[in-house]
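Numbered from 1 within each chain, the chains take letters A, B, ... in sequence-line order. What you are looking at is a predicted structure, and each value in this text was computed from that prediction instead of being measured.
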Number of protein chains: 2
Amino acid sequence: MGSVEEQPADTAHGSIAHRVPDLGALELLLAVARLGSLGAAARELGITQPAASSRIRSMERQLGVALVDRSPRGSRLTDAGALVTDWAGRVVEAARAFDAGAQALRVRRDSRLRVAASMTIAEYLLPGWLLALRAGRPDTAVSLLAGNSAAVAERLLAGEADLGFVEGLTVPPGLDSAVIAHDRLIVVVAPAHPWARRRRPLPAAELASTPLILREKGSGTRQVLDTALGGLARPLIELSSTTAVKAAAVSGAGPAVLSELAVGEELGLRRLVEVPVDGVALARDLRAVWPTGHRPAGPARELLSLTRG
Amino acid sequence: MGSVEEQPADTAHGSIAHRVPDLGALELLLAVARLGSLGAAARELGITQPAASSRIRSMERQLGVALVDRSPRGSRLTDAGALVTDWAGRVVEAARAFDAGAQALRVRRDSRLRVAASMTIAEYLLPGWLLALRAGRPDTAVSLLAGNSAAVAERLLAGEADLGFVEGLTVPPGLDSAVIAHDRLIVVVAPAHPWARRRRPLPAAELASTPLILREKGSGTRQVLDTALGGLARPLIELSSTTAVKAAAVSGAGPAVLSELAVGEELGLRRLVEVPVDGVALARDLRAVWPTGHRPAGPARELLSLTRG
DNA sequence: CGCTCCCCATAAGCCCAGCTTATGCCCCCA
DNA sequence: TGGGGGCATAAGCTGGGCTTATGGGGAGCG
């Protein structure tokens with residue numbers, strides 16, 4: 001087994017794609033882990049055994065670690081392979097959610113289930129629901145339109161959508177609704193920030209007078225915050241994506257305000273810390289909505305039931 | 001601009017990799033979103049502008065949706081593009097965690113920081129810490145060894161590791177420790193399972209007498225559960241990866257027992273529901289450990305401080 | 001034993017995705 | 001009215017990943 005040429009680690013931030021195996025390879029690794037054989041995994045993915053063999057091998061070369069123990073009776077993961085497989089599973093899971101969302105995003109007039117949803121819900125919740133829906137009804141074609149509450153209502157009333165999801169404080173007229181979950185905007189800081197060690201809740205006035213990392217004006221999140229603070233939120237930076245806001249907060253640029261849906265993982269891993277706030281109503285209901293009288297039926301009802309467990 | 005040939009959606013579960021753009025394309029999309037220009041994004045990733053243009057275009061063809069609005073003054077995301085970019089961000093984030101872990105997994109005798117960790121910690125927490133560490137000290141080379149508590153202790157005492165992480169109930173002799181987090185094993189079921197609607201905690205006896213979806217014997221998780229139940233856990237299925245256990249539980253195969261670290265996202269999205277249990281001690285401390293007297297210094301101390309925020 | 005089956009590895013050749021260089025068009029601004 | 005930033009198109013190259021074909025090694029069995 002010749003020694004591996006070790007390149008000097010390319011520590012530069014540049015393009016992660018060259019250091020991480022592609023999705024196909026990760027999927028193959030998961031299949032090998034599950035099935036215990038390169039050949040079986042290859043068959044499942046519809047490729048030949050030599051292709052699988054070579055692909056796993058080049059992945060091992062790329063990572064500099066042996067991933068599977070080959071034997072004439074099958075292949076098992078090494079210890080390192082088990083770890084890598086777990087991490088790979090998380091990448092593939094995210095890719096599946098991407099796929100579920102993207103499929104729905106395709107414009108198809110003939111989709112059997114047309115969903116209109118607000119941004120936060122479309123971003124963070126819908127892909128998971130769609131995965132679950134597809135698990136139960138693989139053939140349901142879904143189309144998705146994302147917009148603010150008014151746009152959602154418009155689509156529903158025009159008969160261009162079967163089910164809507166909104167996150168506002170009020171329900172647009174002409175629609176029936178059911179609360180499916182709750183969301184809050186929360187203030188988060190990096191663990192090193194002084195606010196991370198506060199015992200007492202932050203007064204609303206102090207929040208309003210502190211420059212914050214925020215989404216751009218016009219975003220749903222920003223509107224809710226501005227309303228709650230009486231139009232007073234002071235931006236330290238304005239960024240155009242939730243991810244960018246999170247990244248800025250994690251790096252310690254300052255306090256950020258985000259939906260708690262967006263930062264679940266960061267809080268769990270202690271990369272961000274929630275700062276309790278006093279005297280501001282940042283809670284909001286997430287609701288499913290439909291035209292008054294037009295009870296959701298068929299796939300729409302199924303999706304609705306998924307959202308409530 | 002030619003109409004797009006629409007393929008019949010290949011609804012078969014087969015290989016997601018053909019339906020999701022590769023990591024390089026997702027990264028490029030994120031760069032375009034952040035920089036507002038194809039050319040600028042291309043420069044950042046070290047490719048030429050035509051390459052970026054063509055890559056974005058083929059991604060749009062693959063997804064069947066326009067992602068960016070091109071203008072002679074730059075490019076902005078479309079609404080659909082903003083959604084796709086958010087989903088892409090989650091895939092790339094998972095890939096970065098993969099990369100951080102994988103880099104550490106490389107065997108390098110000369111690594112400046114050698115970490116030994118138990119499986120759960122290595123799987124779910126270390127990649128995040130390593131990302132944070134790299135953000136602060138980009139040049140720190142880390143090596144990672146994953147194993148059970150005894151193995152971690154052995155490495156530390158032999159001077160082959162600088163810092164360890166264990167999840168047992170006790171601290172191996174010869175080591176000093178600090179509690180860095182808490183973990184619990186929890187019982188989870190799919191939302192449709194009858195246990196999901198329980199009001200009262202499940203008695204330990206009922207848990208012990210019900211067949212469960214479990215990790216294989218010998219895994220740390222399994223050991224803790226068997227100890228807590230007095231060696232009585234009855235397997236419904238035994239699976240060899242946390243992901244497989246989760247998937248089985250989500251699909252409704254039965255109740256599963258897992259670390260809460262492993263199911264944070266599933267609980268948030270209501271794909272799994274926690275079942276409270278009474279009369280069993282399933283909590284455990286996660287600890288950093290080091291040889292008695294050898295206080296962590298340098299990068300080890302930095303990593304340690306990251307784990308506590 | 002020797003036959004057969006199921007593993008996996010290697011070799012040789014093909015093909016396409018993605019890159020590069022070289023242009024050209026469009027728009028804005030000095 | 002040039003110049004520069006931004007995007008698109010064209011032509012050509014390269015390499016990664018696939019396939020088919022083949023060989024070796026262990027296990028089970030007549």
Can you name the nearest heavy-atom pair linking [X] to [Y], along with the distance?
X      : Y      : answer
B:L23  : A:P21  : CD1-O, 3.9 Å
A:A146 : B:L83  : CB-CD1, 3.5 Å
A:W87  : B:P127 : NE1-CG, 3.3 Å
B:A17  : A:E27  : N-OE1, 3.5 Å
B:Q62  : A:R106 : O-NH2, 3.5 Å
B:L38  : B:A52  : O-CB, 4.0 Å

Phosphate oxygens OP1/OP2 of [N]: is one of them under 4.0 Å from a side-chain N or O of [X]?
X     : N      : answer
B:S54 : C:dC19 : no
B:S75 : D:dC7  : yes
B:R70 : D:dG6  : no
B:S53 : D:dA8  : yes
A:R57 : C:dA9  : yes
A:T48 : D:dT19 : yes

Would you mind reading off the distance between [X] atom [atom1] and [N] atom [atom2], rounded to a whole angstrom?
X     : N      : atom1 : atom2 : value
A:E60 : C:dC8  : CD    : P     : 12 Å
A:R61 : D:dG17 : CZ    : C1'   : 12 Å
B:E27 : C:dG18 : CD    : C1'   : 15 Å
A:D69 : C:dA9  : CG    : P     : 11 Å
A:I56 : C:dC7  : CD1   : P     : 16 Å
A:M59 : D:dG16 : CE    : C1'   : 14 Å
B:L45 : C:dT20 : CG    : P     : 11 Å
B:I47 : D:dT14 : CD1   : P     : 19 Å

Considering the options A:V84, A:V65, A:V68, A:L29, which one meets the side-chain contact (heavy atoms from CB on, under 4.5 Å) requirement together with A:E60?
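Only one of A:V84, A:V65, A:V68, A:L29 forms a side-chain contact (heavy atoms from CB on, under 4.5 Å) with A:E60, namely A:V68.
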Is a side-chain N or O of B:R222 found less than 3.5 angstrom from the main chain of B:R215, in a donor-acceptor match?
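Side chain of B:R222 to backbone of B:R215: a pair is present.
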Would you kindly compare A:R73 and B:A51 by the position of their nearest DNA chain C nucleotide and give the one closer to the 5′ end?
A:R73
If you look at every strand shown and take non-hydrogen atoms under 4.0 Å, does B:D22 touch a base, only sugar-phosphate, or nothing?
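If one applies the 4.0 Å heavy-atom cut-off, B:D22 turns out to touch the sugar-phosphate alone, with no base involved.
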B:S71 near the nucleic acid: base, sugar-phosphate alone, or nothing, with a heavy-atom cut-off under 4.0 Å?
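It contacts sugar-phosphate atoms only.
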Let's see if you can work this out: which of D:dT19, D:dG6, D:dG17 has an atom nearest to the side-chain heavy atoms of A:R55?
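So the nucleotide nearest the side chain must be D:dG17.
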State which of D:dG25, C:dA9, D:dA8 makes the closest approach to the side chain of A:P72.
D:dG25
Residues from residues 32-41 of chain A sitting under 4.0 Å of DNA chain C, heavy atoms only?
A:S37, A:L38, A:G39
